[in-house]
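The sequence lines fix the lettering, A, B, ..., with proteins before strands; numbering per chain opens at 1.
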Number of protein chains: 2
Amino acid sequence: MEQVALARPATVPAKVDEQLCFALYAASKALTAAYRRGLAELSLTYPQYLTMLAVWERDGRSVADLGSAVDLDSGTLSPLLRRLEQAGLIRRVRSTHDERVVHIFVTDRGRELEPRAAAVRARVEAATGLSADEFVQVRSMLHRLRSTVLDALPHL
Amino acid sequence: MEQVALARPATVPAKVDEQLCFALYAASKALTAAYRRGLAELSLTYPQYLTMLAVWERDGRSVADLGSAVDLDSGTLSPLLRRLEQAGLIRRVRSTHDERVVHIFVTDRGRELEPRAAAVRARVEAATGLSADEFVQVRSMLHRLRSTVLDALPHL
DNA sequence: TCCGATTTGATTGAGTACAACTCAACTGTA
DNA sequence: TACAGTTGAGTTGTACTCAATCAAATCGGA
């Protein structure tokens, strides 16, 4: 494995702007903020939007399956799904085969939101100013970075 | 301004994994998670670590100045700084020139944490598996993406 | 000097995050 | 068929995030 040859040694002061983690954190917040106004018109928060994407993608998924798709655990997902159900966008149905499992289904009202969410997404993606090629390259690099870090997580 | 020529039109279903925002969100969470265990040994959360970086960088900064450095508003920063003060890492001193302003100073105890935090940072950066060149390129690309999106924010 | 506008930090409320825990339901094995 | 161990969803407690709002202090023009 290749090691990072740092310009700045580990024991010397570091600036916030030089941190890769801050660059990621701030860029992520900026993109989330870009979604905020558009999603608010659909009465969705950003994590709720992500969750609806996963539900639209495949109906009847279990809570655990949704959690791995959107990278959230049951502690976050349970109340979030409760709010989506109260808003009438999804239904929760306990499995008959395995009573521990709850399946999530979109309602008609939830289905109606999909094209409107797609329009919001299109506006935000245009605002990134990235070409289609750049878009794909950045995305795949971020996925790669993520899986490298996740692989290293256990022995950190 | 260049427009994104999307492979997938705006009105057609999109998958979670194809979203740039999700790639950013998930990568940011992974890197934050990589910091978690090491920072926990210093009794710091990740936003607290970011804030301490900014305080170590320059002593006596105002709350608003810190907020712009770490991209947090007073609603987040006020209780966060209260906890850092309770932990004995910083002091809050109200300005004599302008009584609205509060300056943040590191304590000796807070200063002692700096090299230990630097060691955590070094371990996490190594875990990214990025070369020094790649590290700098990814970082600058993320900064660029952020400022493009922030510029576009007002007319979204 | 007076007074309206602005700035600064703090507070509140709704909604994530995440670790630690609970509990019912399921599984494999003897 | 027992039953120890595991799994899935939910709950609790602490902390972060952001919009909206507030009070005090400052500033600036008449």
Practice task
Look at the side-chain N and O atoms of Gln48(A) and state whether any lies under 4.0 Å from the OP1 or OP2 oxygen of dG15(C).
Solution key: no
Practice task
Grab the CG-C1' distance between Leu153(A) and dC18(C) for me, whole Å please.
Solution key: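 The distance from CG of Leu153(A) to C1' of dC18(C) comes to 14 Å, rounded to the nearest Å.
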Problem - Distance in angstrom units between Leu39(A) CG and dG15(C) C1', rounded - result: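 Those two atoms, CG and C1', are 14 Å apart.
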Problem - Student check: side-chain heavy atoms of Arg92(B) and Arg82(B) closer than 4.5 Å - result: yes
Exercise for the section: Taking the side chain as every heavy atom from C-beta outward, state whether Gln19(A) and Tyr25(A) have any atom pair closer than 4.5 Å. Expected result: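 No - every pair of side-chain heavy atoms lies 4.5 Å or more apart.
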Handout entry: Connected hydrophobic set around Val93(A), excluding itself, where side chains approach under 4.5 Å
Key =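 Hydrophobic cluster check, Val93(A): joined to Phe105(A).
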Any residue in [range] with a heavy atom nearer than 4.0 angstrom to DNA chain C? Just list them by number, or reply none.
| range | value |
| --- | --- |
| residues 20-37 of chain B | Tyr25(B), Lys29(B), Arg36(B) |
| residues 72-98 of chain B | Ser74(B), Gly75(B), Ser78(B), Arg92(B) |
| residues 59-67 of chain B | Ser62(B), Val63(B), Ala64(B) |

Under 3.5 Å, which donor-acceptor pairs do the side chains of residues 33-47 of chain B form with other protein atoms, sequence neighbours left out?
unit_1	atom_1	unit_2	atom_2	d
Thr45(B)	OG1	Gln48(B)	N	3.3
Tyr46(B)	OH	Cys21(A)	O	3.4

Short N/O separations, protein against nucleotides 22-24 of chain C, under 3.5 angstrom:
none

Exercise for the section: Identify the heavy atoms of Leu50(A) and Val70(A) that sit nearest to each other, and give their distance. Expected result: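 Minimum heavy-atom separation between Leu50(A) and Val70(A): O-CG1, 3.5 Å.
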Practice task
Kindly give the heavy-atom pair with the smallest separation between Leu20(A) and Thr128(B), and that separation in Å.
Solution key: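 Heavy atoms of Leu20(A) and Thr128(B) come nearest at CD2-CG2, 4.3 Å.
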Whether the side chain of [X] engages the backbone of [Y] through a donor-acceptor N/O pair (distance < 3.5 Å, no angle test) should be reported.
| X | Y | result |
| --- | --- | --- |
| Trp56(A) | Gly110(A) | yes |
| Ser62(A) | His103(A) | no |
| Arg139(B) | Glu18(A) | yes |

Exercise for the section: Walk along DNA chain D from 5' to 3' and tell me the first and last nucleotide with an atom closer than 4.0 Å to a non-hydrogen atom of chain B. Expected result: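 Both ends considered, the range comes out as dA15(D) to dT26(D).
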Name all residues meeting the salt bridge (Lys or Arg N to Asp or Glu O under 4.0 Å) criterion together with [X]; count only those two or more places apart in sequence or in a different chain, and write none if there are none.
| X | value |
| --- | --- |
| Asp73(B) | none |
| Arg109(A) | none |
| Asp59(A) | none |
| Arg123(A) | none |

Practice task
Identify whether the distance between the nearest side-chain nitrogen and carboxylate oxygen of Arg100(A) and Asp98(A) falls below 4.0 Å.
Solution key: yes
Exercise for the section: For Gln137(B), check side-chain contact (heavy atoms from CB on, under 4.5 Å) against everything at least two apart and list the hits. Expected result: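 Scan of Gln137(B) (side-chain contact (heavy atoms from CB on, under 4.5 Å), adjacent residues dropped) gives none.
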